Amino acid sequence: MNTPPPLRITHIGGPTTLIEVGGWRLLTDPTFDPPGRRYTFGWGTSSRKVTGPAIPAADLGPIHAVLLSHDHHGDNLDDTGRALLTGVDTVLTTVSGARRLGPATTGLRAGQTARLAHPGRPTIDVTATPCRHGPPLSGPIVGDVIGFALRWAGQRHGALWITGDTVLTHRVRDIATRIPVGTVLLHLGGVRFPVTGPLRYSMTARRAAQLCAALRPHTAIPVHYEGWQHFQEPRDVIEDAFAAAPAAIRDTVRWLPLGKPTTITA
């Protein structure tokens with residue numbers, strides 16, 4: 001029996017991670033601008049970036065594909081990240097994002113699958129998963145967002161799922177019934193803005209614990225919780241929420257040190 005390829009994940013900051021498996025180097029939601037700038041997100045919302053990337057874009061090395069949950073918010077694709085896209089052969093994102101970014105980008109709707117294939121590397125099937133980046137009926141305001149489920153031969157525990165920026169909805173929860181998930185990258189932060197009051201635009205820690213109770217992943221990795229003013233739930237809030245969960249859920253959480261490759265049992 002062939003030995004499954006090792007999986008390494010490096011959390012670079014915010015939603016940005018480097019995924020390495022079987023010779024592939026995949027980057028999620030590239031954000032590499034320095035801290036200090038304020039970004040607008042439309043409809044009177046804005047936020048300041050307070051922490052820079054743990055690894056500069058110039059030090060990344062070759063990137064074979066970018067998995068971009070959405071292109072229209074600066075905390076998921078900033079100016080430096082946008083420049084990086086021009087040197088990457090494959091960029092997967094939303095259909096509307098692909099129209100904005102140009103013909104070298106592949107747009108996916110939730111449920112559609114793209115295949116990453118290259119001689120000498122395992123074939124990876126990338127399936128877009130549903131997201132709702134805000135409260136009900138907010139889609140026309142917040143725009144299209146997708147997550148990504150990655151499957152390759154030899155995964156012992158199930159797919160690698162990047163949730164993307166989303167609140168917990170029935171469609172997101174249904175992933176647990178359709179895709180066996182081994183490792184999940186949870187986009188958290190409980191995002192909200194003063195102008196829209198209590199409305200949330202990304203998953204809270206409590207909802208993430210509920211999702212993991214349905215998923216039963218082998219490993220749950222929080223991302224998208226630090227580095228920006230509009231992230232309302234930092235690490236201690238996430239830790240408290242999972243501490244209150246059953247041990248089988250609590251023990252799945254793994255915190256990745258920023259900038260350091262971590263081997264994950266896939």
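All values reported here derive from a predicted model rather than from experimental measurement.
Here the CG atom belonging to L215 is positioned 9.5 Å from the CZ atom belonging to R173, to the nearest 0.5 angstrom. Note: L108 CG to T127 OG1 = 8.5 Å, rounded to the nearest 0.5 Å. Between R132 atom CZ and T169 atom OG1 the span is 6.0 Å, to the nearest 0.5 Å. With rounding to the nearest 0.5 Å, the separation of CG in D240 from CZ in R235 is 11.5 Å. In this structure, CG on N76 lies 3.5 Å from NE2 on H70, to the nearest 0.5 angstrom. To the nearest 0.5 Å, atoms NE2 (H72) and OG (S96) are separated by 7.0 Å.
Remark: the D75 side chain and the H230 side chain contain an N/O donor-acceptor pair separated by less than 3.5 Å. With no hydrogens or angles considered, no side-chain donor-acceptor pair links H64 and D89 at under 3.5 Å. The closest side-chain donor-acceptor pair between T28 and T17 falls under 3.5 angstrom. Side-chain polar atoms of T31 and T16 form a donor-acceptor pair below 3.5 angstrom.
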What donor-acceptor contacts under 3.5 angstrom involve side-chain atoms of residues 152-161, with partners at least two apart or in another chain?
residue : atom : partner : partner atom : Å
Q155    : OE1  : W152    : N            : 3.2
Q155    : NE2  : L150    : O            : 3.1
W161    : NE1  : T129    : OG1          : 3.0

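Sorted by first and then second residue, the ring pair (Phe, Tyr, Trp, His ring centres under 6.0 Å) pairs involving residues 100-122 (not counting sequence neighbours) form an empty list. For residues 28-44, every residue pair satisfying the salt bridge (Lys or Arg N to Asp or Glu O under 4.0 Å) rule, not counting sequence neighbours, is listed here: D33-R37, R37-D79. Sorted by first and then second residue, the salt bridge (Lys or Arg N to Asp or Glu O under 4.0 Å) pairs with a member in residues 54-72 read D71-R100; sequence neighbours excluded. Within the structure, salt bridge (Lys or Arg N to Asp or Glu O under 4.0 Å) pairs that include any residue of residues 206-226 do not occur (at least two apart or interchain). Counting only residues at least two apart or in different chains, ring pair (Phe, Tyr, Trp, His ring centres under 6.0 Å) contacts with residues 242-265 comprise Y225-W255.
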Please determine whether side chain to side chain contact (heavy atoms under 4.5 Å, CB included) holds for the pair T93 and T106, giving the CA-CA distance in whole Å, both sets of side-chain angles, and the decisive distance to 0.1 Å. CA-CA 6 Å; T93 191; T106 298; over 6 Å; no
Go through T204 and E233 one step at a time and tell me if the side chain to side chain contact (heavy atoms under 4.5 Å, CB included) criterion holds. CA-CA 7 Å; T204 64; E233 293 191 347; 3.7 Å; yes
Applying side chain to side chain contact (heavy atoms under 4.5 Å, CB included), run through K49 and D78 and close with a yes or a no. CA-CA 11 Å; K49 187 174 186 178; D78 57 20; 3.6 Å; yes
Verify side chain to side chain contact (heavy atoms under 4.5 Å, CB included) between I175 and T163, making sure each step is shown before the conclusion. CA-CA 10 Å; I175 298 298; T163 65; over 6 Å; no
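Proximity of L26 to L116: side-chain heavy atoms (C-beta onward) are separated by under 4.5 Å at one or more points. Inter-residue side-chain proximity for T166 and V145 is flagged as unmet; no heavy-atom pair is nearer than 4.5 Å. Annotation: side chain of I9 is in contact with side chain of L185 (closest heavy-atom distance under 4.5 Å). The shortest side-chain heavy-atom distance between P135 and R200 does not fall under the 4.5 Å cut-off. Between R192 and L199, every side-chain heavy-atom pair lies at or beyond the 4.5 Å cut-off. Residues S69 and I162 have side chains not in contact (no heavy-atom distance under 4.5 Å, counting atoms from C-beta outward). Within the 4.5 Å cutoff, the side chain of T45 has no heavy atoms near those of the Y201 side chain. Under the 4.5 Å side-chain criterion, counting only non-hydrogen atoms from C-beta, R151 is not in contact with I124.
Y39 and L77 fall into different hydrophobic clusters, where Ile, Leu, Val, Met, Phe, Trp and Tyr are joined by side-chain heavy atoms under 4.5 Å apart, directly or via other members. By the rule that hydrophobic residues join a cluster once side-chain heavy atoms approach within less than 4.5 Å of another member, I179 and M203 end up as members of one cluster. Side-chain heavy atoms closer than 4.5 Å link hydrophobic residues (I, L, V, M, F, W, Y) into clusters, and following such links, possibly through other members, connects F148 to L7. L18 and L84 fall within the same hydrophobic cluster, where Ile, Leu, Val, Met, Phe, Trp and Tyr residues are linked whenever their side-chain heavy atoms come under 4.5 Å apart, directly or through other members. Hydrophobic cluster membership is shared by V191 and V142, with clusters built from Ile, Leu, Val, Met, Phe, Trp and Tyr side chains linked at under 4.5 angstrom.
The heavy-atom pair separating L211 from V172 by the smallest distance is CD1-O, 4.3 Å. Of all heavy-atom pairs between V91 and T105, the closest is O-CG2, 3.4 Å. The two residues A213 and I249 have their closest heavy-atom pair at CA-CD1, 3.5 Å. C212 and L186 make their closest contact through SG-CD1, 4.0 Å (heavy atoms, listed as atom of the first residue, atom of the second, distance). Contact between A110 and I146 at its shortest, heavy atoms only, is N-CG2, 4.4 Å. For the residue pair P15 and H224, the shortest heavy atom distance occurs at CB-CD2, 3.8 Å.
Judged by distance alone, with hydrogens and angles left aside, the side-chain atoms of R8 form no donor-acceptor pair with the main-chain N or O of T263 at under 3.5 Å. Under the 3.5 Å distance criterion, the side-chain polar atoms of T94 are matched with a main-chain donor or acceptor of G97. A donor-acceptor pair under 3.5 Å is formed between the side chain of S202 and the backbone N or O of G190. Without hydrogens or angle criteria, R121 side chain to G22 main chain gives no donor-acceptor distance under 3.5 Å. Between the side chain of R254 and the backbone N or O of I221, no donor-acceptor pair lies under 3.5 Å.
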